[in-house]
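Quick notes on the structure that follows.
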Amino acid sequence: MAKIQMLNAVAELDGDEMTRVLWAVIKEKLLLPFVDLKTEYYDLGLKKRDETDDKITYEAAAAIKRLKVGVKCATITSNAARMEEYKLKRLSPSPNGIIRAELDGTVFRKPIIVSNIHPTVSCWKKPIVLGRHAYGDVYKSCEMAVDGPGKAELVFTGKDGKEIRKTIMEMPGPGILQAVHNLDQSIESFAKACFVYGLSEKTDVWFATKDTISKTYDGKFKEIFQRVFDSGYKDKFKEAGLEYFYTLIDDAVARIMKCDGGILWACKNYDGDVMSDMVASASGSLAMMTSVLVSPDGYFEYEAAHGTVQRHYYKYLKGEKTSTNPVALIFAWTGALSKRAELDGTPELAEFAMKLEKAVVSVIERGTMTGDLARLADPGAKEILDSWAFIDKIAEETAAIL
Ligand code: NAP
Ligand code: MG
């Protein structure tokens, strides 16, 4: 069989531990036999990042900007224990943080749906994608506890020295204070990324805040979202038959519990933190959750939502064939390849990505899976495999479908 050709490369960002091991197996068994794979390879393994003082991470981010599509393996964020374990020169920042800052991105998480892993919320038939604003609010706040009565004020001093002053509270006794902020530009980027994602995935976009109570702060989020939508996306949404829907956060939560899914739920930073864990756990498992970083300029980076699965890696190093779930990693690749296909206008590549995803889903739906899924499956698993045997099954199924 002739291999499927790629017109342009994707940026490939390799990583650490168990996910690095599986990354190589996925390429060998599921990609290289079928596709004439074109990638620009960047080794983001911890050792290499340390050796290059993170230069490699910045180069990888630049490659994603140049090629517009990247696929990333999970990576270790260093801490004191890793410093010792890997004999590092220094503690380096999170590579995801570096890439996010370079691409000005928003993170979208989407569960992979299979029929024998049931969401806890029975009406969810299609995935609910969560888009979390990852800047500001309570994550960059200034807080204070005061131990007696006094006047609390909010003061802004402009560049020209002019002051704006407001009384927060005449405090009658001890209490606590908190000041938070956000930036118009960051909210605009967030809104753009959500609308770009909605169009790209062909889903409606919901956004919610509490602007009835927080008229200025949340009101600004609502206003910017509406302005960005009206000026850049309204017509495209109409053409695609999609909707942008704004409501209050408590109303959104109530509606989410009764909807059948198939939406992008854009959340402010704190709402996104809380709601993404709810949606992830109610949808099944972390190993069945894809994650994509979308920049407002139209760059896409695909990855798995989970980490490097360290506990399994240590077992692997002792010679054990672990039953680590490779599904989210496989879907990171199919996501990147189908985006590449869309940008290049190469339908055979898009079809391959779609069929590989289909192969994964049908193997699991027939009852063959890794240990983590076997604990959740209904009807129960027929066959629990280690990662290597599971990937072999998917390879056979893919070959059969193709
Ligand atoms: P983790 O790698 O997500 O794993 C936590 C636990 O979740 C595992 O021990 C395993 O549970 C289960 N799990 C996660 N993925 C699985 C899979 N594919 N198949 C089966 N089980 C899976 O988180 P961590 O162990 O806390 O973090 C390890 C390293 O990953 C850290 O150094 C952290 O910095 C890094 N990290 C990277 C990213 C990223 O690059 N995007 C994200 C998060 C964490 P059992 O042990 O019960 O089987
Ligand atoms: Mg959290």
Side-chain angles (χ1 to χ4, degrees), residues 12-23 25-26 42-50 54 56-57 60-61 64 70-86 88 91-100 103 105 107-112 114 117 132 134 273 276-277 280-281 283-293 301-318 320-333 335-336 360 364 369-377 381 384-391 394:
E12 175 187 354
L13 284 56
D14 207 346
D16 290 299
E17 299 194 315
M18 204 58 221
T19 45
R20 185 183 182 101
V21 174
L22 294 178
W23 193 258
V25 183
I26 290 167
Y42 295 87
D43 181 0
L44 262 58
L46 182 55
K47 235 15 237 152
K48 188 77 180 179
R49 280 182 275 137
D50 191 53
D54 289 322
I56 188 88
T57 311
I64 297 174
V71 56
K72 181 180 171 291
C73 183
T75 45
I76 293 169
T77 299
S78 60
N79 58 19
R82 300 303 199 156
M83 191 119 164
E84 175 62 30
E85 184 184 357
Y86 285 81
L88 303 177
L91 281 183
S92 59
S94 145
N96 292 323
I98 293 179
I99 294 169
R100 228 168 273 170
L103 302 186
V107 175
F108 298 95
R109 296 216 153 152
K110 177 182 180 183
I112 299 157
V114 291
I117 309 288
R132 175 183 171 187
D273 188 353
S276 65
D277 280 15
S281 97
S283 307
S285 142
L286 202 59
M288 297 294 281
M289 186 70 71
T290 62
S291 185
V292 57
L293 178 73
E301 184 215 35
Y302 294 82
E303 61 176 339
H306 58 77
T308 60
V309 212
Q310 182 181 16
R311 211 178 62 83
H312 294 211
Y313 183 60
Y314 292 162
K315 287 189 179 175
Y316 165 80
L317 289 180
K318 286 187 195 146
E320 192 181 316
K321 287 210 152 177
T322 62
S323 188
T324 316
N325 189 337
V327 169
L329 289 172
I330 298 171
F331 273 63
W333 274 102
V360 172
I364 298 172
M369 57 193 81
T370 45
D372 58 315
L373 291 186
R375 288 196 289 270
L376 306 168
I384 303 172
L385 299 180
D386 65 52
S387 310
W388 290 259
F390 180 62
I391 290 172
I394 295 168

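Numbering of ligands and ligand atoms starts at 1, following listing order.
Near ligand 1, residues Lys72, Ala74, Thr75, Ile76, Thr77, Arg82, Asn96, Ala287, Glu303, His306, Gly307, Thr308, Val309, Arg311, His312, Thr324, Asn325, Asp372 each place a heavy atom inside the 4.0 Å sphere around the ligand atoms.
Salt-bridge formation is detected for the pair Arg49/Asp16: a Lys NZ or Arg NE/NH1/NH2 atom is positioned less than 4.0 Å from an Asp or Glu carboxylate oxygen.
Counting heavy atoms from C-beta on, the side chains of Met288 and Leu373 come closer than 4.5 Å.
For Tyr313, the ring pair (Phe, Tyr, Trp, His ring centres under 6.0 Å) test picks out no residue, with sequence neighbours left out.
Trp388 and Tyr316 have parallel rings, their planes meeting at less than 30° on a 0 to 90° scale where 60° marks the start of perpendicular.
With hydrogens and angles disregarded, no donor-acceptor distance shorter than 3.5 Å links the side chain of Thr57 to the backbone of Pro95.
Side chains of Thr370 and Asp372: a donor-acceptor N/O pair is present below 3.5 angstrom, by distance only.
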